[in-house]
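Let me begin by presenting the structure, written as structure tokens, before commenting on it.
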Amino acid sequence: MSTFIKKYSKWLAPIGSFAAFLLLWQVASLNVSADFLPSPLMVWDELVRLSQTPVGGTSLLGHVGYSLRRVMIAFILAVAFGLPLGLLMGWNRVCDKIVSPIFELLRPIPPIAWIPIAILWLGVAEGSKIFICFVGAFVIMVLNSYTGMRYVDPLLIDAARSFGANPRQQFFNVAVPACLPSIFAGVQNALSMAWMCVLAAEMVGAREGVGFIIIQGMDLNKSSMILVGMILIGIVGSLLAALLRGAERALCPWRSEMV
Amino acid sequence: MTLSLEIEKANYFATAAKENWISFVSFLMFLLAWELICYFEIIGPYQLVPPSEVIVGFFEKLRDVNPDGALLQHHAVASLALALTGFVAAVVIGVPLGLFMGWYPKVNLMVRPLFDAIRPIPPIAWIPIAILWLGIGMVAKAFIIFLAAFVPCVINSYTGIRLTNPVLIRVAEIYGASNFETFRKIGVPSAIPMVFTGMKLSLNAAWTTLVAAELLAASEGLGFMIQQGRRLARPDVIIVGMLAIGFLGALMSWILTQVEARFASSRRLS
Amino acid sequence: MTADNKSAYKAKREVKVSVKNLTKKYGDLLVLDNINFDIYKGELLCIVGPTGCGKTTFLNCLSRFIPITEGTIDVDGVPADPHIHNIAFVFQEVSAIPWLTVEDNIRFGLRIKRLPEDEIEKRVERMLDIVGLTKYRTYYPQQLSASMEQRVVIARNFAINPDLLLMDEPYGQLDVKLRYYLEDELMRIWKELGSTVAFITHNIEEAVYLAERILILSPKPSTIKEEVIVDLPHPRQFDDPKFVALRDYVTESIKWW
Amino acid sequence: MSEDREVKIACKGISKTFHVPGQKKLLHVLNSVSLEVYKNEFLVILGPGQSGKTVLLNCIAGLIEPTQGSILINNKPITGPGPDRGMVFQRYALFPWKTVVQNVAFGLTIRGVPLKERMEVAQHYIDLVGLNGFEKSYPAELSGGMKQRVGIARAYASDPDILLMDEPFGALDAQTRYAMEKELRLIWEKEKRTVCFVTNNIEEAIYLGDRVVIMSALPGRIKTEHNITIPVPRAYTHPDFLTLRKQISEDTDLVL
């Protein structure tokens, strides 16, 4: 028995805690009226029902697809623009001086505060939602890659210089690989921020997406629909995070033992 | 002797202080570009106003309740009050819980199920169920903000205490200190830097979630103001609101950093 | 190294710590194999072994940080226990508590031992004077040099008047000239307070310079390979022929490089 | 004996002052140091912890620019770091994301040497330092002694005229240090280069050096110099070794 536990202990804890959570939820739902807190079974039935009958003209999976499409477009753009800018700002003093005043002005504004102006500029359709996710992910991407570059061990740069590496080689062969860990941290944070922003954007005004589902649930006073939406959001969010962690372990094998 | 290498790097960025004029010029260029875009109406007046009008709008908003029915200060106070109550509650409950979870495995086992269920769901996703449970009043918003601020507090206090230098734990153990005494005298003090990091993150989360909640269901607050600005096509009100949100958020973080600096310097946390 | 000078050495000494068939296994990996030795009251014992001889595991067992697989460790005839006995440990890594001043660092152990305040203050003053840090009492560890920080740790450990003071290569990373200075200072404090010290190191010359008696550990699974009495007066000269002979003898017993 | 030998490195009146960021005061680290190093000589620079010996080495490497004075290599002033000088660091400075063989071949990669040739050269020096079998490992998996062997192989592999070694064995335990000192001397006998070796350990200086230059505490300047004539391989407890050690011990400053 003990070897069994040791072998699967990595999975036992999460499964155990999930089972305990379900139990907790079941007990809580018993002594509270159903339209406040439906039991896990009722939510499961709602999930099954929703996956068959479309909500607002789109199937459940369709809604998740809409949200993911918006997140992915914004996320890829944020990494494509934010990563190089952050690395450059961290590496080159002049670039840092040019960009940081504007960046410091916009950074403290939460991405969600951009929703009104985004809708004013790009209407309620896809454009404004992708823009808000982009703003959220972009700021985080720039910040993490900038900090990563500024905290590269100067000893590694000097080691490269001692072999006659020119600035371009120092940047690409040493500085960038050295801050890969913070770049990956930035990528993971940017994706989770984008995922949060798409929810906010969809809740403020949308006819598709997981954000729409939970708002629809609220408008119809169907708590089970809201909970289905929330669980979906939690699962998809965790899957995205797990996907990126897997990518990091694959691309940075040397870190796997250390991490 | 790494002294020399760190100094060289610090000098590289420090001596650049006299190059601040570049930042000043680039900021001016940014404002100028913004002014010109509006002047030549590349983006229409109902969608963007030039910085000059934003400044005028700001002073107006301090005196004029239109169009959203309250002065800027009133909205700001309402938002700050709400965000800070949620934040303080989260710190008072979240930090000790995170510390105990990190130190005592039994506490961790007990709290883990509930905590792991809440964590993957972004705080904003809780807004609908909170409104369903608690109506659209202050209580629902305070609950959502509490949830948003609670998670980072717990995670960072938990991580902070688990990163306690094991040598220092042994220093207490070798003198015969009990587990709780080691927790109090070594665990908690060494977790403090990470606790402050957690507080900064949760302050940020609280402020962001507040804006979201006010966008969806509110009758006052900066989030409500910028939403009204959108409904009434008043970009000046929106931009003033956004800058106010940004400024207050940055101000609160700065205050927290000063508290940490004074706190750390008095306790010399390296 | 003859048998008679060992018995003569042990005859007039009282046993403070006795270790009987100490064995330690991680799973089925044997690390410590049936170790037997005594430490005498007020003795400066040095324990030296080849790199990778399980020195850290040996120390963790001695200080009760980790459970032992077999065997007993008694202090004054009672099974060793940090809650009853005054065991002190100077770790290899500098272990001054960063958020406490020099004097509060020294008070740390005394407070845990729940000593009366006036006794604590008396000892703090004495230890500050012995290690020469009275001027730096309100400094924080980061404001001191590495050697001064290590002396704070030594003062903190001697302050509790330990039954047994374990020292794990405390001067390993310091300048050589600095190490001679701190070794002489350690000798001075040890003589003045009459504590029982077990000094563990990889540096053979350091062991021969400090020790009244040396235990040589074998490679893993380590046991006591040999016992050497160093009957030279302190302070010793590293170029004194008798010192050099002893150093060569111990080096031959350990040499793997 | 030193007149007819070719001078490889010439330091003329090297001084270095740092602006310590945050504090107004200046930190004088080197005080007009003049030094000549001959071709294929194993020179050791000995000094207490804070004596500017590492800064001097970094100046020779071209990583730090001296405030005053000039440094000539083969009678030509240096303008910055260059592949003619390979450096070994106390904190290893290995690239954690590269395997052992990739680390060793780094100098050649920078110079654009084709892959096949790079790997052959790297393999030669990996065998020389006794790391065969670890080509594919990452630095994080190696012990301190093995990491420093990679550092030495990496410096040798880019075929420099000069090897600059900054307290390479400072972080190792006493016995591994003896092993590495013996190893380094053997490697150097096989592949002679001009070596500048910085250390604060007197035994190490006498065991390795053809000549030992002693620096004072901050601001560092050259105090004295000793030619080591003990035949190689040297024994730490040999009477001549011990007398020389006593002499040098008196010359070095104690920095508390």
Side-chain angles (χ1 to χ4, degrees), chain A residues 83 86-87 90-93 96-97 100 144-145 147-188 244-259, chain D residues 54-55 57-65 78-100 102-113 118 136-142 147 150-151 154-160 162-166 196:
Chain A
L83 177 57
L87 291 178
W91 178 256
N92 178 307
R93 192 172 60 218
D96 182 8
K97 287 293 166 193
S100 53
N144 274 274
S145 27
T147 329
M149 184 54 82
R150 281 296 297 275
Y151 284 100
V152 167
D153 182 355
L155 201 58
L156 294 184
I157 305 290
D158 278 332
R161 280 173 65 205
S162 75
F163 286 103
N166 58 43
R168 194 180 52 77
Q169 284 170 322
Q170 288 167 34
F171 181 78
F172 286 106
N173 290 36
V174 175
V176 170
C179 53
L180 267 178
S182 9
I183 290 174
F184 263 100
V187 163
Q188 279 166 3
L244 276 183
R245 270 198 299 277
E248 177 178 10
R249 207 164 290 116
L251 286 170
C252 311
W254 79 92
R255 274 181 55 74
S256 51
E257 324 82 41
M258 280 196 280
V259 127
Chain D
T54 301
V55 171
L57 202 70
N58 277 299
C59 289
I60 299 173
L63 296 172
I64 292 180
E65 231 189 290
I78 61 166
T79 51
D84 57 344
R85 285 153 285 155
M87 190 131 173
V88 180
F89 298 83
Q90 176 174 14
R91 285 195 297 125
Y92 313 121
L94 300 180
F95 304 114
W97 60 87
K98 288 177 183 289
T99 61
V100 166
Q102 287 165 343
N103 261 289
V104 172
F106 179 79
L108 305 172
T109 319
I110 287 294
R111 285 216 299 279
V113 169
R118 283 204 310 256
K136 287 284 171 285
S137 317
Y138 285 100
E141 302 160 39
L142 305 176
K147 282 192 187 130
V150 176
R154 177 175 71 174
Y156 258 109
S158 59
D159 192 21
I162 297 164
L163 276 178
L164 304 172
M165 307 179 91
D166 178 14
C196 273

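Just so we're on the same page: letters track the sequence lines, and every chain starts at 1.
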Original post:
For A:Ser182 and A:Asn144, what are the C-alpha separation, side-chain angles and deciding distance, and is it a side chain to side chain donor-acceptor pair (under 3.5 Å)?
Top reply: CA-CA 6 Å; A:Ser182 9; A:Asn144 274 274; over 6 Å; no
**OP:** Pick one of side chain, backbone, both or neither for D:Leu164, based on which atoms fall under 4.5 Å of a heavy atom in chain A.
**Re:** neither
Subject >> Closest-packed option against chain D by number of heavy-atom pairs under 4.5 Å, given A:Ser162, A:Ala160, A:Gly164 >> reply: A:Ser162
Original post:
Quick one: do A:Arg161 and A:Asp158 make a salt bridge, cutoff under 4.0 Å?
Top reply: yes
Original post:
Which one of D:Ala155, D:Gly151, D:Ala93 has the most heavy-atom pairs closer than 4.5 Å to chain A?
Top reply: D:Ala93
**OP:** Would you check if A:Gln169 and D:Thr109 make a side-chain contact, meaning some heavy-atom pair closer than 4.5 Å?
**Re:** no
Original post:
Can we say D:Arg91 and D:Asp166 salt-bridge, meaning some charged N sits less than 4.0 Å from an Asp/Glu carboxylate O?
Top reply: no
Original post:
Between D:Phe95, D:Trp97, D:Tyr92, D:Phe106, which has the largest tally of heavy atom pairs under 4.5 Å with chain A?
Top reply: D:Trp97
